[in-house]
Amino acid sequence: MTGVRVLLVDDDRDVRETVASRLRQEQFEVISCTYFIEAADHLHVHFEGVVVSDFRMPGKDGLWLLNHCRSVDPELPVIMLTGYADRRFIIDAISLGAVTVLEKPCSMKTLIAEIRAANDRRLSRLEARSRRAKRQLRSWIGKTPEDVSLSVQMQMIEKTLIEKSLKRHGGDIANVMKELNLSKSTLYERMRRAGIDPKKFR
Amino acid sequence: MKQRPGAESSVRSDKTIALNFTRAIVIVLTAALAGGTAGLIKGYADVTRNAELKLGLFAQQTEGLLAKYRHIPLFLASHPTVVTATIKETGSVELDDLLQQTVIATNAFGIVLLLEDGKPLAHASRRISGPAPSEAGAEKAIGSSGILALKRRFTLDRRSGKRLYEFAFGIRDVEKAETGTVAVYVDLEDFEIGWRSQSELIFLQADDGTVVASNEAGLLMKKTPVQDAAILSLPGTYRIGDLPGFWLGTNKQSFVTGTRLYVLSPASSLFNYFVFGAVSIAAIAALFFTTFRYLQIRRHLILRRLDEEQSAKELLEQAVQERTRSLRAEMAQRKDAQDRMRRLQAELAEGEKLRALGEMSVTISHEINQPLFALEALVDTIRVDLAADNDRSHIGPEIDRLSQIVDRIGDVVRNLRDFARDPEFEVEQVNLLQSVRDSIELLAIRLSRDGVEVDLKSREEEGPMVAAETVRLQQVIVNLMSNAADAAKTARCPRVIVEVAREEQEATVAVRDFGAGIERIEKIFDPFYTTKPTGEGMGLGLSISARIAAVFGGRITAANCSGGGAEFTLHLPLREPES
């Protein structure tokens, strides 16, 4: 089992530093950020960890961050901290998929427990996701991913996705372009490389 | 709309005036007629009375004169010289003297002595050179009965054309035989002398109707019948011969001479009386009427003016009432609007208060919960460290940190208290430029730490003196500058420009940064409004500064600059030392 990774976002230096130091005692890997902009750099679909964010911050606030996380990965766990209990904010945060909303000052025990739980869920979720992807890949290319190079894998996935889309739309190039978000020339170039004839799908 | 009483009455008054004009003419004419009639009556009475007075006077004169001459023939007829001369039938010097003396003494026209056969014996005349009245043809004074009598008659002297009155008396001797006649003649012109100055027509009429004496020459020696005209059965109205018109007057018959004396005035003389009466009474009537009309018109005018004043007053009153009504309505409306507005304002203020309270509670709870949370984390860290029982070297710094955070909570509370408390201080003379310099010095460490440069610009070496209190003024300037430094430290250009300037009435300190500017500049002075990260401000600084500036009689203005960043300007009233 890997360690716990925490992305801590708070504009209050005292809070940021003391909480980080306490979490480090728990052997957590803590990334401290003052603003949303800083935090956004660390957020990606494979982020192995938990986001802990203050709500009230100058500029882009906690809700903004939450929204951003949802767009990056809907399953990214976010624990919100708030200096005051605003019912509306709590409802917003929960409906946007926050793991929980903790009211400052909360006990460090609760925070740490919540982080651990969320982290565990996150890691198992990522693992499942990875297994599913491998399975799918195998069904598409007939080989375990480990046997072929990444570029070959990518080409195969690309071909599979284009063919699936063409089948769905009955060979309608315009709709495929729209679905895969590709330009006409790129789409034709990819189809040529993969040896797909769109006429066959009509 | 109420009928104006003035309009109607003015029409009526025009009619009244027209009517009154006709009436005035009728009244004046009636007055003239009445006056004329009265004049006529008065004239008739006057004329008649005058005539009677004059008649009395002249009748007496005439009687007197005639009576005076009556005795002269008697005296001469019995005089021995005359008797002797008639008997002798010769004249004498003595006789002539006697006759001449008598003429002179009596002022008779003449005396003639005739013999019994009618031959003239002697005569005497008033005019010595003139002809004797003998040729008047004195008649024998003896009547057929032989009784001696005084014979009287009117006669006309054929030679001189004089009208004469003759008294004749017979002369007798001792045997009572008639020897001659003596005749004395009186000139009738002597009677007329007194009449000529009279305005009336006066004449003496003999019993045969001949006018023998008159002040009117046309009537003389003419037979003039006098008829009683009896106009309006009034006595004393006559028609005289062929004289035109009617005459008024009276007459009297002399018992001595049998003559009738008339004193008359032409009826036309009454015309003057008529005219006089008519004119005077008409004038009086006209005067009365004019006065009456004048008073009436004046009264009418006064009434009309009063009417007009009344109606004007009524109009004014009406206008005033209307205006009052509309004003009252307007006032009511305005009051309604004001009430509504006050209510709205109260509601707004209430809402604003609630909103501020909400904002404040959010800020305060955030401001306090934040360090509390940090404390919780720190305390937990220390506890774990203590429990771990290994390296305790970092516990000391952790506890220092702990007291810092506690201080921070204390600051929050102190800030709140400062805000709630009204600033109390004495306003004095402070050098603004010096204050700015001191403030920069106070902030020097912080500024250098944040890497912010400060440019101080001032046109003067000596700064302007302003009304302020040193410490509070510095607090405000420090607040403005640290705000600017906060904005500047994250900006591309970490610079703050502070400019001290002197205006006409005030001095200013402008603090400009090149940061992001202020998003909601209208809220910048609201308490608990902040653009800073948590822990760096409660949003009270500017609000407190603004209040301090207001106490100094100044203000703080804020603006976003076109080149980016914000500029805050503190305006303070100048207080220069009296030189």
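Quick note on labels: first sequence line is chain A, next is B, and so on, each numbered from 1. These numbers were taken from a predicted model, which means no experiment stands behind them. Only this structure's heavy atoms are used, side chains among them; waters, hydrogens and symmetry mates stay out.
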Practice prompt. Supply the atom-to-atom distance A/Met108 CE to B/Leu378 CG, rounded to the nearest 0.5 angstrom.
Written response: 10.0 Å
Worksheet item: Can you tell me how far the CG atom of A/Asp12 sits from the CD1 atom of B/Ile405, to the nearest 0.5 Å?
Response: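 It is 8.5 Å, given to the nearest 0.5 Å.
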Worksheet entry | Partners passing side-chain hydrogen bond (donor to acceptor under 3.5 Å, both in side chains) against B/Asp450 (at least two apart in sequence or in another chain) | B/Arg446
Worksheet item: Are any of the side-chain heavy atoms of A/Leu111 and B/Phe373 separated by less than 4.5 Å?
Response: yes
Worksheet item: Given side chains that start at C-beta, do those of B/Gln370 and A/Asp10 come closer than 4.5 Å, heavy atoms only?
Response: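 When only atoms from C-beta onward are counted, A/Asp10 and B/Gln370 do touch, with a gap below 4.5 Å.
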Worksheet item: What are the two closest non-hydrogen atoms of A/Pro105 and B/Asn369, and how far apart are they?
Response: CD-OD1, 3.7 Å
Practice prompt. Give every residue pair that meets the side-chain hydrogen bond (donor to acceptor under 3.5 Å, both in side chains) criterion with at least one member in residues 170-182 of chain A, sequence neighbours excluded.
Written response: A/Ser165-A/Glu179, A/Arg168-A/Glu179, A/Asp172-A/Asn175
Practice prompt. Identify the residues of residues 16-33 of chain A whose heavy atoms come closer than 4.5 Å to a heavy atom of chain B, ordered by number, or report 'none'.
Written response: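 Counting heavy atoms that sit under 4.5 Å from chain B, the residues of residues 16-33 of chain A involved are A/Glu17, A/Thr18, A/Val19, A/Ser21, A/Arg22, A/Gln25.
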For the [atom1] atom on [X], are there more than 12 heavy atoms of other groups (residues, nucleotides or ligands in this structure) within a distance under 6.0 Å?
X	atom1	result
A/Arg129	CZ	yes
A/Glu38	CD	yes
B/Ile445	CD1	no

Worksheet, complete the sentence: With sequence neighbours left out, the residues meeting salt bridge (charged side-chain N to carboxylate O under 4.0 Å, His left out) with B/Glu441 are none
Worksheet entry | Ion pair check, A/Lys109 and B/Asp380, cut-off under 4.0 Å |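 Between B/Asp380 and A/Lys109 there is no salt bridge, as every charged N stays at least 4.0 Å from the carboxylate O atoms.
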